[in-house]
Amino acid sequence: MKLSDNKATISFSNGSPSFEMPVYQGSIGPDVIDIRKLYGQTGMFTYDPGFLSTASCQSAITYIDGDKGELLYRGYPIEQLATSCDFMDTCHLLMYGDLPSVQKKKDFTHLVTNHTMVHDQMQYFMRGFRRDAHPMAVLTGLVGGLSAFYHDSTDINNPEHRDIAAIRLIAKMPTLVAMAYKYSIGQPYMYPQNNLSYAGNFLHMMFGTPCEDYKVNPVLEKALDRIFILHADHEQNASTSTVRLCGSSGTNPFAAIAAGVACLWGPAHGGANEACLNMLGDIQAKGGVEKVGEFISQVKDKNSGVKLMGFGHRVYKNYDPRAKLMQETCNEVLKELGLENDPLFKLAKALEKIALEDDYFVSRKLYPNVDFYSGIVQRAIGIPVKLFTGIFAMARTVGWIAQLNEMIADPEYKIGRPRQLFTGSVRRDVPPVNKR
Ligand code: SDX
């Protein structure tokens, strides 16, 4: 970042001395006002719950222009990455800053492929869970549990540890997600197959059985690979900020990523794809497209507490570019599977059309986000609804670890420790119990 010749001055109407703050510029996007010395100079904090106007860090990984509906990974537009690259290209790009050459891609893919197995004792964690446990509960436990095995890559301040932990996490997440699925349906775990692609191997571990050869469907393999690319990183979203804050204490990378998994689970964040599909299912059960008007009225009624899941975004005030690409993938997968008349896809498109013509959504700049169509694709592939967020976590692991490593590699980083505006009771003495 570079110092701008512009400065910010804060002055107070009560005559307190004004205070000047430096302004910094990035390569693109909004400038920032450096308030680090504000408290020391004025005895005041800034106040920004939800961080609507706060940059928590500087980063060179992902850039979003919410008004344009633009998403760049290390400068490359998501539209080009989703059509000209695969997830291994994207992982290399996010981790190391550029797309790999042919040889580097071969080496990177080989490295990831050869770390897809998990310690055999990991399977004993599973026995502690009920078979009907939510996969995100299982995944939160398993990812944190990785730190109980890989002691040779837990020192976040050791660059070699950081690198191998990153590879292990990217490589093992699909194995853990597939294990959670197999455990929930009482089928044996499928070991990774090194001759398959990242997405192909995941499909095999999910839907293969020891009883017969599993043939990877290339259309589904490509669709899943695109889903991974679209979900790989997204600037300082809630789960990435969680990973950064958790990692800032110096904890090991597996624990920090487990915190990200837990945060992503929420329906306002990564859990929205599961919530969106459940929403579509509810509308379908009540009568489908002819019930859309009634549902939209419910959403617009503040007292209903009903939201149009898969719509709206803190940053995008235009169409989420990932939603457009996901809709394309939807068409390809449904066509391949002969599901062009999938009622939920038709319902989603009808819902989107009506919402985008309704002033409630238009005036609030609410557009479909990545979660609006991703559930329909995953359901068509055969992934159970409860596992959708697990797929999101699997894809987002590379973004989380790239952001965590970027923070730790910055010599200026400090442990994150926000302050507060205190509105509780001022000092008072404990009364004797017979006086309470
Ligand atoms: C992801 O941050 C990221 O980058 C996240 C993510 C990533 O890749 O990491 O992109 C992934 O989490 C996508 C978002 C998935 N969540 C959902 O689809 C859940 C539904 N969306 C909403 O919960 C909401 O839009 C949020 C949480 C996504 C954003 O909320 P904000 O920015 O805090 O906006 P807000 O709640 O202040 O909403 C502004 C207005 C409000 O109305 P008013 O009070 O002004 O009258 O818009 C309304 C909200 O009530 N609104 C919605 C709505 N989203 C916002 N109304 C109905 N349906 C919705 N979905």
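In what follows, residues are counted from 1 in the order of the sequence shown. Computation of the quantities below employed the complete heavy-atom set of this structure, encompassing side-chain atoms and omitting hydrogens, waters and symmetry-equivalent molecules. Atoms within each ligand, like the ligands themselves, are counted from 1 in listed order.
Ring orientation note: the planes of His231 and Phe392 are nearly perpendicular, at an angle over 60° on the 30°/60° scale. Using a 30° and 60° split on the angle between ring planes, Phe87 and Phe228 fall in the tilted class, from 30° to 60°. Using cut-offs of 30° and 60° for the angle between ring planes, the Phe311 and Phe361 rings count as perpendicular.
In this structure, atom 14 (C) of ligand 1 lies nearest to the protein heavy atom Asn369 ND2, 3.5 Å. With hydrogens left out, the protein atom closest to atom 24 (C) of ligand 1 is Phe311 O, 4.4 Å, a heavy atom. In terms of protein heavy atoms, atom 4 (O) of ligand 1 is closest to His234 ND1, 2.6 Å. The nearest heavy-atom contact from the protein to atom 13 (C) of ligand 1 is Asp371 OD2, 3.4 Å. Of the protein's non-hydrogen atoms, the one nearest atom 57 (C) of ligand 1 is Val299 CG1, 3.5 Å. Counting only heavy atoms of the protein, atom 58 (N) of ligand 1 lies nearest to Leu308 N, 3.0 Å. In this structure, atom 28 (C) of ligand 1 lies nearest to the protein heavy atom Gly312 O, 3.7 Å. Here the protein heavy atom with the shortest distance to atom 16 (N) of ligand 1 is Ala268 O, 3.0 Å.
Heavy atoms of Tyr360 approach ligand 1 to within less than 4.0 angstrom. Distances shorter than 4.0 angstrom occur between a heavy atom of Leu366 and an atom of ligand 1. In this structure, Gly50 falls outside the shell of residues with a heavy atom less than 4.0 angstrom from ligand 1.
Between the side chain of Asp301 and the main chain of Ser297, no donor-acceptor pair closer than 3.5 Å is present. For Asn318 (side chain) and Asp67 (main-chain N/O), a donor-acceptor pair under 3.5 Å exists by modelled atom type. With Arg379 contributing its side chain and Pro384 its backbone, the two residues share no donor-acceptor pair below 3.5 Å.
For the residue pair Ala199 and Asp225, the shortest heavy atom distance occurs at CB-N, 4.0 Å.
Between Lys105 and Asp89 there is a salt bridge, since at least one side-chain N of the basic residue sits less than 4.0 Å from a carboxylate O of the acidic one.
For Arg322, every heavy-atom contact with ligand 1 shorter than 4.0 Å involves the side chain, none the backbone. At a heavy-atom cutoff of 4.0 Å, ligand 1 is contacted by the side chain of Arg396 but not by its backbone. For Pro267, every heavy-atom contact with ligand 1 shorter than 4.0 Å involves the backbone, none the side chain. Using a 4.0 Å cut-off between heavy atoms, Lys307 contacts ligand 1 through both its backbone and its side chain. For Thr240, no heavy-atom contact with ligand 1 is shorter than 4.0 Å.
Using modelled atom types, one finds a donor on one side chain and an acceptor on the other under 3.5 Å when comparing Ser153 with Arg168. Looking only at atom types and distance, the side chain of Asp163 has no donor-acceptor partner in the side chain of Tyr96 under 3.5 Å away.
Exactly one residue among Asn369, Ile227, Thr389 makes a side chain to side chain contact (heavy atoms under 4.5 Å, CB included) with Asn273. That residue is Thr389. Only one option out of Thr62, Thr240, Asp233 pairs with Gln403 in a side chain to side chain donor-acceptor pair (under 3.5 Å); it is Asp233. Between Arg226 and the options Glu328, Glu221, Glu79, a salt bridge (Lys or Arg N to Asp or Glu O under 4.0 Å) holds for only Glu328.
Below 4.0 Å from some heavy atom of Ala272 lie the following atoms of ligand 1, by number and element: 15 (C), 16 (N), 17 (C), 18 (O). Annotation for ligand 1: atoms under 4.0 Å from non-hydrogen atoms of Gly310 are 17 (C), 18 (O).
Within a 4.0 Å radius of atom 43 (P) of ligand 1, the protein contributes one or more non-hydrogen atoms. For atom 2 (O) of ligand 1, the nearest protein heavy atom lies closer than 4.0 Å. Of the protein's heavy atoms, none falls inside 4.0 Å of atom 39 (C) of ligand 1. Of the protein's heavy atoms, none falls inside 4.0 Å of atom 26 (C) of ligand 1. For atom 34 (O) of ligand 1, no protein non-hydrogen atom is found at a distance below 4.0 Å.
One option in Gln298, Arg314, Glu235, Lys300 has a heavy atom closer to atom 29 (C) of ligand 1 than any other, and that option is Arg314. Residue nearest to atom 50 (O) of ligand 1, selected from His269, Met309, Lys302: Lys302 (by heavy-atom distance).
A cation-pi arrangement is found for Arg364 relative to Tyr360, the charged atom lying closer than 6.0 Å to the ring centre and inside a 45° cone about the ring normal.
Between His234 and Tyr316, a ring centre-to-centre spacing shorter than 6.0 Å is recorded.
Atom CE of Met117 sits in a sparse spot, with 12 or fewer heavy atoms from other residues, nucleotides or ligands closer than 6.0 Å.
At least one N or O atom of Arg364, backbone or side chain, sits closer than 3.5 Å to an N or O atom of ligand 1. An N or O contact shorter than 3.5 Å is missing between Ala238 and ligand 1 by distance. At least one N or O atom of His313, backbone or side chain, sits closer than 3.5 Å to an N or O atom of ligand 1.
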